[in-house]
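All of these numbers come straight from a predicted model, not from anything done at the bench. Residue numbers start from 1 in every chain, and the chains themselves are labelled A, B, ... in the order their sequence lines are given, proteins ahead of strands.
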There are 2 protein chains.
Amino acid sequence: MAEAVLRDSVDNKYPSPFVAVDVVVFRVVEGKLQVLLIERRKPPFQNTWALPGGFIGLDEALEEAACRELREETGVSVTLIEQLYTFGDPGRDPRGRVISVAYLALLPPGEGAPQAGDDAVRAAWFPVMALPALAFDHGEMVGRAVERLRVKLQIEDAAFHLLPSEFTLSELQSVWEAVLGVSLDKRNFRRRVLNSGQVTEIGRRRSGEGRPARLYRYHPRRK
Amino acid sequence: MAEAVLRDSVDNKYPSPFVAVDVVVFRVVEGKLQVLLIERRKPPFQNTWALPGGFIGLDEALEEAACRELREETGVSVTLIEQLYTFGDPGRDPRGRVISVAYLALLPPGEGAPQAGDDAVRAAWFPVMALPALAFDHGEMVGRAVERLRVKLQIEDAAFHLLPSEFTLSELQSVWEAVLGVSLDKRNFRRRVLNSGQVTEIGRRRSGEGRPARLYRYHPRRK
DNA sequence: ACAAAAGTGTTGAGAGTACACCCATGC
DNA sequence: GCATGGGTGTACTCTCAACACTTTTGT
(Lines give C-alpha, C1' and ligand atoms only; values in the text may rest on other atoms or scores of the structure.)
Protein backbone atom coordinates (compact mmCIF):
# COMPACT_ATOMS: atom_id res chain seq x y z
CA MET A 1 0.00 0.00 0.00
CA ALA A 2 1.14 3.50 -0.75
CA GLU A 3 0.80 4.40 2.91
CA ALA A 4 3.46 1.84 3.82
CA VAL A 5 5.90 3.33 1.35
CA LEU A 6 5.65 6.73 2.89
CA ARG A 7 5.75 5.41 6.41
CA ASP A 8 8.80 3.24 5.77
CA SER A 9 10.76 5.78 3.85
CA VAL A 10 10.29 8.69 6.18
CA ASP A 11 9.35 7.15 9.49
CA ASN A 12 12.09 8.61 11.60
CA LYS A 13 12.40 11.78 9.64
CA TYR A 14 8.70 12.62 9.79
CA PRO A 15 7.22 10.95 12.88
CA SER A 16 3.51 11.41 12.82
CA PRO A 17 1.43 13.02 15.51
CA PHE A 18 -2.12 11.99 16.37
CA VAL A 19 -5.00 13.82 14.81
CA ALA A 20 -8.26 14.49 16.61
CA VAL A 21 -11.42 16.51 16.04
CA ASP A 22 -13.38 18.48 18.61
CA VAL A 23 -16.80 20.04 18.14
CA VAL A 24 -18.18 23.24 19.60
CA VAL A 25 -21.97 22.87 19.42
CA PHE A 26 -24.06 25.93 20.20
CA ARG A 27 -27.74 26.39 20.88
CA VAL A 28 -29.80 29.24 22.33
CA VAL A 29 -32.30 28.53 25.11
CA GLU A 30 -34.18 31.15 27.10
CA GLY A 31 -32.05 33.92 25.70
CA LYS A 32 -28.79 32.23 26.68
CA LEU A 33 -26.11 30.92 24.35
CA GLN A 34 -25.14 27.41 25.42
CA VAL A 35 -22.35 24.94 24.58
CA LEU A 36 -22.55 21.17 24.72
CA LEU A 37 -19.93 19.57 26.98
CA ILE A 38 -19.11 16.07 28.17
CA GLU A 39 -17.52 14.93 31.39
CA ARG A 40 -14.51 12.80 30.45
CA ARG A 41 -14.55 9.22 31.67
CA LYS A 42 -10.84 8.53 31.11
CA PRO A 43 -7.58 10.34 31.84
CA PRO A 44 -6.09 12.70 31.11
CA PHE A 45 -8.49 15.26 32.56
CA GLN A 46 -10.64 12.47 33.97
CA ASN A 47 -13.95 13.85 35.28
CA THR A 48 -13.22 17.23 33.73
CA TRP A 49 -15.64 18.88 31.32
CA ALA A 50 -14.50 18.98 27.72
CA LEU A 51 -15.77 19.40 24.19
CA PRO A 52 -17.03 16.27 22.48
CA GLY A 53 -14.37 14.89 20.14
CA GLY A 54 -11.83 12.16 19.53
CA PHE A 55 -9.31 10.65 17.16
CA ILE A 56 -10.07 10.37 13.49
CA GLY A 57 -10.25 7.12 11.56
CA LEU A 58 -7.68 6.60 8.84
CA ASP A 59 -10.21 6.56 6.03
CA GLU A 60 -12.56 9.09 7.46
CA ALA A 61 -12.99 12.69 6.32
CA LEU A 62 -12.41 15.23 9.08
CA GLU A 63 -15.97 16.48 9.03
CA GLU A 64 -17.32 12.93 9.14
CA ALA A 65 -15.17 12.22 12.16
CA ALA A 66 -16.51 15.32 13.88
CA CYS A 67 -20.12 14.26 13.32
CA ARG A 68 -19.42 10.70 14.37
CA GLU A 69 -17.68 11.66 17.60
CA LEU A 70 -20.46 14.04 18.43
CA ARG A 71 -23.08 11.37 17.88
CA GLU A 72 -21.17 8.72 19.81
CA GLU A 73 -20.48 10.88 22.81
CA THR A 74 -23.65 12.88 23.13
CA GLY A 75 -26.32 11.33 20.91
CA VAL A 76 -26.71 14.65 19.13
CA SER A 77 -26.99 14.95 15.34
CA VAL A 78 -26.32 18.27 13.79
CA THR A 79 -27.53 20.24 10.78
CA LEU A 80 -24.79 22.74 10.08
CA ILE A 81 -21.13 22.12 10.75
CA GLU A 82 -18.02 23.92 9.58
CA GLN A 83 -14.33 23.87 10.24
CA LEU A 84 -13.21 26.39 12.83
CA TYR A 85 -9.47 26.21 13.44
CA THR A 86 -6.69 23.69 13.93
CA PHE A 87 -4.96 23.61 17.29
CA GLY A 88 -1.53 22.07 17.19
CA ASP A 89 0.71 23.47 19.89
CA PRO A 90 3.15 20.85 21.13
CA GLY A 91 2.15 20.33 24.73
CA ARG A 92 -1.56 21.00 24.33
CA ASP A 93 -2.15 17.33 25.20
CA PRO A 94 -0.11 15.77 28.04
CA ARG A 95 -0.14 12.37 26.30
CA GLY A 96 1.99 13.60 23.41
CA ARG A 97 1.60 15.39 20.13
CA VAL A 98 -2.04 15.68 19.23
CA ILE A 99 -3.25 18.01 16.48
CA SER A 100 -6.91 18.83 16.88
CA VAL A 101 -9.14 20.18 14.16
CA ALA A 102 -11.99 22.07 15.81
CA TYR A 103 -15.46 22.27 14.25
CA LEU A 104 -18.34 24.64 14.86
CA ALA A 105 -21.91 23.34 14.84
CA LEU A 106 -25.34 24.85 15.47
CA LEU A 107 -28.47 23.24 16.83
CA PRO A 108 -32.07 24.44 17.12
CA PRO A 109 -33.51 24.24 20.64
CA GLY A 110 -35.36 21.08 21.61
CA GLU A 111 -33.25 18.72 19.53
CA GLY A 112 -30.43 18.46 22.02
CA ALA A 113 -31.38 15.87 24.59
CA PRO A 114 -27.84 14.77 25.28
CA GLN A 115 -27.16 11.18 26.27
CA ALA A 116 -23.69 10.29 27.46
CA GLY A 117 -21.82 7.83 25.23
CA ASP A 118 -18.85 5.51 25.77
CA ASP A 119 -16.18 8.01 26.69
CA ALA A 120 -18.41 10.37 28.63
CA VAL A 121 -19.77 10.13 32.14
CA ARG A 122 -22.47 12.57 31.14
CA ALA A 123 -23.23 15.29 28.63
CA ALA A 124 -24.86 18.63 29.35
CA TRP A 125 -25.46 22.15 28.08
CA PHE A 126 -23.64 25.05 29.74
CA PRO A 127 -24.19 28.76 29.26
CA VAL A 128 -21.17 30.25 27.47
CA MET A 129 -21.02 32.95 30.10
CA ALA A 130 -20.65 30.43 32.95
CA LEU A 131 -18.42 27.65 31.77
CA PRO A 132 -16.60 25.27 34.11
CA ALA A 133 -12.84 24.80 33.72
CA LEU A 134 -12.30 22.88 30.49
CA ALA A 135 -9.80 20.18 29.55
CA PHE A 136 -6.88 20.81 27.17
CA ASP A 137 -7.19 24.10 25.27
CA HIS A 138 -10.93 23.69 24.89
CA GLY A 139 -11.57 27.03 26.56
CA GLU A 140 -9.70 28.75 23.75
CA MET A 141 -11.68 26.72 21.21
CA VAL A 142 -14.95 27.95 22.65
CA GLY A 143 -13.69 31.52 22.61
CA ARG A 144 -12.73 31.31 18.97
CA ALA A 145 -16.04 29.63 18.16
CA VAL A 146 -18.02 32.47 19.72
CA GLU A 147 -16.08 35.04 17.70
CA ARG A 148 -16.73 33.10 14.52
CA LEU A 149 -20.40 32.65 15.31
CA ARG A 150 -20.78 36.40 15.77
CA VAL A 151 -19.31 36.98 12.34
CA LYS A 152 -21.43 34.26 10.73
CA LEU A 153 -24.53 35.76 12.26
CA GLN A 154 -23.94 39.08 10.58
CA ILE A 155 -22.59 38.01 7.21
CA GLU A 156 -24.30 34.69 6.68
CA ASP A 157 -27.57 33.23 7.89
CA ALA A 158 -26.31 31.52 11.02
CA ALA A 159 -29.20 32.64 13.23
CA PHE A 160 -31.72 30.50 11.39
CA HIS A 161 -29.79 27.34 12.19
CA LEU A 162 -30.34 28.12 15.86
CA LEU A 163 -34.13 28.23 15.45
CA PRO A 164 -36.88 25.73 14.61
CA SER A 165 -38.20 25.91 11.06
CA GLU A 166 -41.06 28.16 12.18
CA PHE A 167 -40.27 31.03 14.46
CA THR A 168 -41.39 34.49 15.51
CA LEU A 169 -39.40 37.65 14.92
CA SER A 170 -39.00 38.01 18.68
CA GLU A 171 -37.39 34.59 18.84
CA LEU A 172 -35.06 35.55 16.02
CA GLN A 173 -34.14 38.73 17.82
CA SER A 174 -33.55 36.81 21.01
CA VAL A 175 -31.04 34.59 19.20
CA TRP A 176 -29.18 37.62 17.91
CA GLU A 177 -29.09 39.17 21.34
CA ALA A 178 -27.89 35.96 22.97
CA VAL A 179 -25.08 35.51 20.48
CA LEU A 180 -23.92 39.11 20.35
CA GLY A 181 -24.47 39.71 24.05
CA VAL A 182 -26.17 43.05 23.48
CA SER A 183 -29.77 44.20 23.25
CA LEU A 184 -31.11 45.43 19.94
CA ASP A 185 -33.79 47.92 19.00
CA LYS A 186 -36.95 46.03 18.11
CA ARG A 187 -38.11 48.31 15.31
CA ASN A 188 -34.75 48.54 13.60
CA PHE A 189 -34.26 44.81 13.90
CA ARG A 190 -37.62 43.90 12.41
CA ARG A 191 -37.21 46.32 9.54
CA ARG A 192 -33.81 44.96 8.66
CA VAL A 193 -34.98 41.33 8.74
CA LEU A 194 -38.12 41.98 6.73
CA ASN A 195 -36.27 44.02 4.12
CA SER A 196 -33.60 41.35 3.75
CA GLY A 197 -36.06 38.98 2.10
CA GLN A 198 -34.73 36.09 4.14
CA VAL A 199 -38.03 35.33 5.86
CA THR A 200 -41.56 34.76 4.63
CA GLU A 201 -44.65 35.01 6.76
CA ILE A 202 -47.10 32.11 7.17
CA GLY A 203 -50.28 31.74 9.29
CA ARG A 204 -50.20 33.58 12.60
CA ARG A 205 -49.95 31.70 15.88
CA ARG A 206 -47.77 31.20 18.93
CA SER A 207 -50.35 32.26 21.52
CA GLY A 208 -48.56 32.12 24.84
CA GLU A 209 -48.57 35.07 27.18
CA GLY A 210 -49.67 38.33 25.64
CA ARG A 211 -50.59 39.03 22.04
CA PRO A 212 -50.00 36.12 19.63
CA ALA A 213 -47.04 36.51 17.29
CA ARG A 214 -46.83 35.96 13.56
CA LEU A 215 -44.78 32.96 12.49
CA TYR A 216 -42.09 33.11 9.82
CA ARG A 217 -40.02 30.66 7.88
CA TYR A 218 -36.47 31.04 6.61
CA HIS A 219 -36.11 31.41 2.88
CA PRO A 220 -32.50 31.53 1.71
CA ARG A 221 -33.16 33.84 -1.24
CA ARG A 222 -30.18 36.12 -1.05
CA LYS A 223 -26.94 34.77 -2.29
CA MET B 1 7.35 9.27 27.67
CA ALA B 2 3.71 10.19 27.62
CA GLU B 3 3.66 9.87 23.86
CA ALA B 4 4.55 6.20 24.13
CA VAL B 5 1.67 5.52 26.49
CA LEU B 6 -0.84 6.91 24.04
CA ARG B 7 0.73 5.24 21.07
CA ASP B 8 0.88 1.84 22.77
CA SER B 9 -2.57 1.90 24.22
CA VAL B 10 -4.42 3.01 21.14
CA ASP B 11 -2.14 2.18 18.27
CA ASN B 12 -4.47 -0.01 16.31
CA LYS B 13 -7.59 1.73 17.35
CA TYR B 14 -6.36 5.20 16.41
CA PRO B 15 -3.72 4.84 13.71
CA SER B 16 -2.20 8.20 13.05
CA PRO B 17 -2.06 9.99 9.74
CA PHE B 18 0.79 12.26 8.67
CA VAL B 19 0.55 15.96 9.22
CA ALA B 20 1.95 18.54 6.84
CA VAL B 21 1.81 22.29 6.35
CA ASP B 22 1.58 24.21 3.09
CA VAL B 23 1.98 27.92 2.59
CA VAL B 24 0.24 30.22 0.14
CA VAL B 25 2.49 33.28 -0.16
CA PHE B 26 1.16 36.27 -2.03
CA ARG B 27 2.76 39.39 -3.36
CA VAL B 28 1.70 42.09 -5.82
CA VAL B 29 4.00 43.11 -8.65
CA GLU B 30 3.09 45.40 -11.54
CA GLY B 31 -0.55 45.30 -10.63
CA LYS B 32 -0.68 41.50 -10.62
CA LEU B 33 -1.34 39.24 -7.64
CA GLN B 34 1.26 36.48 -7.56
CA VAL B 35 1.74 33.19 -5.69
CA LEU B 36 5.04 31.54 -4.84
CA LEU B 37 5.36 27.98 -6.17
CA ILE B 38 8.05 25.31 -6.26
CA GLU B 39 8.66 22.57 -8.74
CA ARG B 40 8.71 19.28 -6.83
CA ARG B 41 11.93 17.30 -7.03
CA LYS B 42 10.50 14.00 -5.75
CA PRO B 43 7.39 11.92 -6.43
CA PRO B 44 4.52 12.02 -6.14
CA PHE B 45 3.85 14.84 -8.58
CA GLN B 46 7.52 14.96 -9.51
CA ASN B 47 8.31 18.04 -11.61
CA THR B 48 4.85 19.43 -10.95
CA TRP B 49 4.36 22.88 -9.47
CA ALA B 50 3.13 22.94 -5.88
CA LEU B 51 2.90 25.15 -2.84
CA PRO B 52 5.92 25.17 -0.56
CA GLY B 53 5.33 22.92 2.44
CA GLY B 54 6.21 19.66 4.12
CA PHE B 55 5.82 17.45 7.15
CA ILE B 56 5.88 18.93 10.62
CA GLY B 57 8.40 18.07 13.29
CA LEU B 58 7.08 16.40 16.40
CA ASP B 59 8.01 19.24 18.73
CA GLU B 60 7.32 22.03 16.33
CA ALA B 61 4.36 24.39 16.39
CA LEU B 62 2.35 24.37 13.17
CA GLU B 63 3.16 27.96 12.34
CA GLU B 64 6.86 27.38 12.99
CA ALA B 65 6.79 24.44 10.62
CA ALA B 66 5.15 26.57 7.96
CA CYS B 67 7.84 29.26 8.24
CA ARG B 68 10.63 26.69 8.28
CA GLU B 69 9.40 24.83 5.19
CA LEU B 70 8.97 28.07 3.36
CA ARG B 71 12.49 29.15 4.20
CA GLU B 72 14.02 25.78 3.36
CA GLU B 73 12.31 25.41 0.03
CA THR B 74 12.33 28.95 -1.28
CA GLY B 75 14.68 31.04 0.85
CA VAL B 76 11.84 33.43 1.59
CA SER B 77 11.15 34.80 5.08
CA VAL B 78 7.79 36.23 5.75
CA THR B 79 6.30 38.96 7.91
CA LEU B 80 2.67 38.06 8.32
CA ILE B 81 1.37 34.51 8.42
CA GLU B 82 -1.95 33.09 9.52
CA GLN B 83 -3.72 29.77 9.46
CA LEU B 84 -6.03 29.34 6.50
CA TYR B 85 -7.75 25.95 6.52
CA THR B 86 -7.01 22.29 7.15
CA PHE B 87 -7.34 19.89 4.26
CA GLY B 88 -7.86 16.31 5.30
CA ASP B 89 -9.78 14.36 2.68
CA PRO B 90 -8.66 10.76 2.56
CA GLY B 91 -7.15 10.37 -0.88
CA ARG B 92 -5.86 13.92 -1.24
CA ASP B 93 -2.32 12.45 -1.17
CA PRO B 94 -1.64 9.25 -3.14
CA ARG B 95 0.95 8.13 -0.58
CA GLY B 96 -1.63 7.68 2.15
CA ARG B 97 -3.42 9.74 4.72
CA VAL B 98 -1.90 13.17 4.98
CA ILE B 99 -3.63 16.03 6.77
CA SER B 100 -2.35 19.38 5.63
CA VAL B 101 -2.73 22.62 7.52
CA ALA B 102 -2.59 25.47 5.01
CA TYR B 103 -1.19 28.90 5.90
CA LEU B 104 -1.57 32.27 4.25
CA ALA B 105 1.38 34.66 4.08
CA LEU B 106 2.00 38.08 2.56
CA LEU B 107 5.19 39.61 1.23
CA PRO B 108 6.13 43.10 0.07
CA PRO B 109 7.58 43.27 -3.44
CA GLY B 110 11.34 43.05 -3.79
CA GLU B 111 11.89 40.72 -0.86
CA GLY B 112 11.01 37.58 -2.74
CA ALA B 113 14.09 36.46 -4.61
CA PRO B 114 13.26 32.78 -4.46
CA GLN B 115 16.07 30.24 -4.34
CA ALA B 116 15.18 26.59 -4.71
CA GLY B 117 15.95 24.45 -1.65
CA ASP B 118 16.40 20.71 -1.11
CA ASP B 119 13.05 19.43 -2.24
CA ALA B 120 12.54 21.90 -5.03
CA VAL B 121 14.00 21.99 -8.52
CA ARG B 122 13.20 25.68 -8.62
CA ALA B 123 10.93 28.26 -7.08
CA ALA B 124 9.10 31.04 -8.91
CA TRP B 125 6.25 33.54 -8.74
CA PHE B 126 3.12 32.94 -10.83
CA PRO B 127 0.21 35.29 -11.44
CA VAL B 128 -2.87 33.95 -9.68
CA MET B 129 -4.83 34.39 -12.87
CA ALA B 130 -2.46 32.15 -14.86
CA LEU B 131 -1.46 29.25 -12.64
CA PRO B 132 -0.08 25.97 -13.97
CA ALA B 133 -1.72 22.70 -12.88
CA LEU B 134 -0.86 22.20 -9.24
CA ALA B 135 -0.04 19.07 -7.24
CA PHE B 136 -2.46 17.56 -4.69
CA ASP B 137 -5.35 19.87 -3.81
CA HIS B 138 -3.12 22.93 -3.92
CA GLY B 139 -5.32 24.61 -6.49
CA GLU B 140 -8.17 24.59 -4.00
CA MET B 141 -5.84 25.98 -1.34
CA VAL B 142 -4.93 28.93 -3.53
CA GLY B 143 -8.61 29.56 -4.26
CA ARG B 144 -9.47 29.63 -0.60
CA ALA B 145 -6.47 31.84 0.11
CA VAL B 146 -7.56 34.43 -2.43
CA GLU B 147 -11.05 34.55 -0.90
CA ARG B 148 -9.57 35.02 2.54
CA LEU B 149 -7.15 37.69 1.37
CA ARG B 150 -10.03 39.66 -0.14
CA VAL B 151 -11.81 39.61 3.19
CA LYS B 152 -8.67 40.52 5.13
CA LEU B 153 -8.06 43.43 2.80
CA GLN B 154 -11.42 44.97 3.60
CA ILE B 155 -11.74 44.23 7.29
CA GLU B 156 -8.14 44.23 8.42
CA ASP B 157 -5.02 45.95 7.17
CA ALA B 158 -3.77 43.24 4.84
CA ALA B 159 -2.87 45.61 2.01
CA PHE B 160 -0.03 47.20 3.96
CA HIS B 161 1.73 43.87 4.33
CA LEU B 162 1.92 43.72 0.55
CA LEU B 163 3.76 47.05 0.35
CA PRO B 164 7.15 48.39 1.40
CA SER B 165 7.14 50.52 4.54
CA GLU B 166 6.93 53.69 2.46
CA PHE B 167 4.45 53.78 -0.37
CA THR B 168 2.32 56.10 -2.46
CA LEU B 169 -1.46 56.09 -2.47
CA SER B 170 -1.41 54.94 -6.07
CA GLU B 171 0.65 51.92 -5.07
CA LEU B 172 -1.81 51.16 -2.30
CA GLN B 173 -4.69 51.43 -4.71
CA SER B 174 -2.90 49.17 -7.16
CA VAL B 175 -2.62 46.50 -4.46
CA TRP B 176 -6.35 46.70 -3.76
CA GLU B 177 -7.17 46.46 -7.43
CA ALA B 178 -4.86 43.50 -7.96
CA VAL B 179 -6.32 41.59 -5.03
CA LEU B 180 -9.97 42.35 -5.70
CA GLY B 181 -9.64 42.14 -9.45
CA VAL B 182 -11.63 45.31 -10.05
CA SER B 183 -10.75 48.93 -10.69
CA LEU B 184 -11.58 51.53 -8.06
CA ASP B 185 -12.39 55.23 -8.24
CA LYS B 186 -9.27 57.20 -7.38
CA ARG B 187 -10.96 60.01 -5.49
CA ASN B 188 -13.19 57.77 -3.41
CA PHE B 189 -10.30 55.46 -2.63
CA ARG B 190 -7.99 58.24 -1.49
CA ARG B 191 -10.67 59.84 0.67
CA ARG B 192 -11.47 56.56 2.38
CA VAL B 193 -7.82 55.79 3.09
CA LEU B 194 -7.01 59.26 4.38
CA ASN B 195 -10.11 59.35 6.59
CA SER B 196 -9.32 55.96 8.03
CA GLY B 197 -6.31 57.32 9.88
CA GLN B 198 -4.27 54.28 8.91
CA VAL B 199 -1.65 56.23 7.00
CA THR B 200 0.50 59.25 7.81
CA GLU B 201 2.24 61.39 5.26
CA ILE B 202 6.01 61.96 5.30
CA GLY B 203 8.33 63.89 2.93
CA ARG B 204 7.23 63.86 -0.69
CA ARG B 205 9.18 61.86 -3.24
CA ARG B 206 8.97 59.01 -5.74
CA SER B 207 9.84 60.97 -8.85
CA GLY B 208 9.54 58.51 -11.70
CA GLU B 209 7.44 59.32 -14.72
CA GLY B 210 5.06 62.23 -14.30
CA ARG B 211 4.41 64.30 -11.22
CA PRO B 212 6.16 63.03 -8.07
CA ALA B 213 3.89 61.33 -5.54
CA ARG B 214 3.62 61.88 -1.80
CA LEU B 215 4.91 59.02 0.32
CA TYR B 216 2.96 57.54 3.23
CA ARG B 217 3.61 55.14 6.03
CA TYR B 218 1.23 52.67 7.64
CA HIS B 219 0.18 53.57 11.15
CA PRO B 220 -1.98 50.90 12.79
CA ARG B 221 -4.03 53.33 14.87
CA ARG B 222 -7.47 51.94 14.54
CA LYS B 223 -8.29 48.82 16.47
C1' DA C 1 -59.08 45.68 34.14
C1' DC C 2 -54.62 44.53 33.80
C1' DA C 3 -50.50 42.04 32.67
C1' DA C 4 -47.65 40.62 28.85
C1' DA C 5 -45.74 40.50 24.63
C1' DA C 6 -46.55 42.07 19.56
C1' DG C 7 -46.45 45.47 16.43
C1' DT C 8 -45.58 50.06 14.17
C1' DG C 9 -42.72 55.45 11.55
C1' DT C 10 -39.92 59.26 11.41
C1' DT C 11 -35.79 61.74 11.56
C1' DG C 12 -30.82 62.69 11.36
C1' DA C 13 -25.99 61.32 10.52
C1' DG C 14 -22.52 58.97 8.18
C1' DA C 15 -20.75 55.98 4.38
C1' DG C 16 -20.54 54.80 -0.17
C1' DT C 17 -20.98 55.92 -5.21
C1' DA C 18 -20.79 58.38 -9.43
C1' DC C 19 -18.44 61.63 -11.96
C1' DA C 20 -14.20 65.25 -14.87
C1' DC C 21 -10.70 68.31 -14.67
C1' DC C 22 -6.16 70.74 -13.38
C1' DC C 23 -1.17 70.08 -11.59
C1' DA C 24 3.79 69.04 -11.34
C1' DT C 25 7.49 66.95 -13.26
C1' DG C 26 10.88 64.63 -16.98
C1' DC C 27 11.97 64.50 -21.57
C1' DG D 1 5.16 71.62 -25.19
C1' DC D 2 3.72 67.23 -24.39
C1' DA D 3 3.36 62.86 -22.21
C1' DT D 4 2.78 60.78 -17.72
C1' DG D 5 0.99 59.93 -13.58
C1' DG D 6 -0.57 62.86 -9.15
C1' DG D 7 -4.00 65.23 -7.02
C1' DT D 8 -8.71 67.37 -6.01
C1' DG D 9 -14.86 68.38 -4.64
C1' DT D 10 -19.77 67.85 -4.93
C1' DA D 11 -24.30 65.80 -5.04
C1' DC D 12 -27.14 61.77 -4.41
C1' DT D 13 -28.48 57.50 -2.27
C1' DC D 14 -28.72 54.22 1.12
C1' DT D 15 -27.98 52.21 5.53
C1' DC D 16 -27.90 52.51 10.33
C1' DA D 17 -29.16 54.44 14.99
C1' DA D 18 -32.13 56.78 18.12
C1' DC D 19 -36.50 57.06 19.98
C1' DA D 20 -42.30 55.72 22.54
C1' DC D 21 -46.71 54.42 22.09
C1' DT D 22 -50.82 51.41 20.57
C1' DT D 23 -52.76 46.64 19.84
C1' DT D 24 -54.09 42.06 20.85
C1' DT D 25 -54.64 38.38 23.59
C1' DG D 26 -55.15 35.39 28.32
C1' DT D 27 -56.47 35.61 33.00
What's the [atom1]-[atom2] distance between [X] and [N], to the nearest Å?
{"X": "W176(A)", "N": "dA17(D)", "atom1": "CH2", "atom2": "P", "answer": "11 Å"}
{"X": "E201(A)", "N": "dA6(C)", "atom1": "CD", "atom2": "C1'", "answer": "12 Å"}
{"X": "K186(B)", "N": "dG6(D)", "atom1": "NZ", "atom2": "P", "answer": "6 Å"}
{"X": "R190(A)", "N": "dA5(C)", "atom1": "CZ", "atom2": "P", "answer": "14 Å"}
{"X": "F167(A)", "N": "dA5(C)", "atom1": "CZ", "atom2": "C1'", "answer": "18 Å"}
{"X": "L172(B)", "N": "dG7(D)", "atom1": "CG", "atom2": "P", "answer": "12 Å"}
{"X": "F189(B)", "N": "dC19(C)", "atom1": "CZ", "atom2": "P", "answer": "20 Å"}
{"X": "Q173(A)", "N": "dA5(C)", "atom1": "CD", "atom2": "C1'", "answer": "12 Å"}

Describe the nucleic acid contact of [X] in one word from base, sugar-phosphate, nothing, applying a heavy-atom distance below 4.0 Å.
{"X": "R204(A)", "value": "sugar-phosphate"}
{"X": "S170(A)", "value": "sugar-phosphate"}
{"X": "R214(A)", "value": "sugar-phosphate"}

Got a donor-acceptor contact below 3.5 angstrom from the R214(B) side chain to the G203(B) backbone?
->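 No, the answer is negative, given that no donor and acceptor are paired below the 3.5 Å cut-off.
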
Which residue, R211(A) or R192(A), contacts DNA chain D at a nucleotide closer to its 5' end, judged by nearest heavy atom?
->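 Nearest-nucleotide comparison on DNA chain D picks R192(A).
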
Test for a donor-acceptor pair under 3.5 Å between the base of dA15(C) and the side chain of N195(B), counting only N and O atoms.
->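 Check fails, no donor-acceptor contact within cut-off.
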
Give the intermediate values and the outcome of side-chain hydrogen bond (donor to acceptor under 3.5 Å, both in side chains) for residues D157(A) and Y218(A).
-> CA-CA 9 Å; D157(A) 307 336; Y218(A) 170 50; 2.3 Å; yes

Look at the side chain of [X] and decide which nucleotide, out of [options], has an atom nearest to it.
{"X": "A213(A)", "options": "dG5(D), dA6(C), dT8(D)", "answer": "dA6(C)"}
{"X": "N188(B)", "options": "dT4(D), dT17(C), dG7(D)", "answer": "dT17(C)"}
{"X": "R191(A)", "options": "dA18(D), dA24(C), dT8(D)", "answer": "dA18(D)"}
{"X": "R187(A)", "options": "dC19(C), dT4(D), dA20(D)", "answer": "dA20(D)"}

Qualifying residue, where the test is salt bridge (Lys or Arg N to Asp or Glu O under 4.0 Å) with D119(B) and the options are R40(B), K42(B), R41(B) =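 The single option meeting the salt bridge (Lys or Arg N to Asp or Glu O under 4.0 Å) with D119(B) is K42(B).
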
Between E209(A) and L194(A), who's closer to the 5' end of DNA chain C by nearest nucleotide?
->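 Of the two residues, E209(A) wins.
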
When rounded to the nearest 0.5 angstrom, what distance separates CG in D137(A) from CG in D89(A)?
->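 So the gap between those two atoms works out to 7.5 Å.
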
Hey, are R68(B) and E64(B) close enough for a salt bridge, meaning a charged N less than 4.0 Å from a carboxylate O?
->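 Salt bridge absent between R68(B) and E64(B).
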
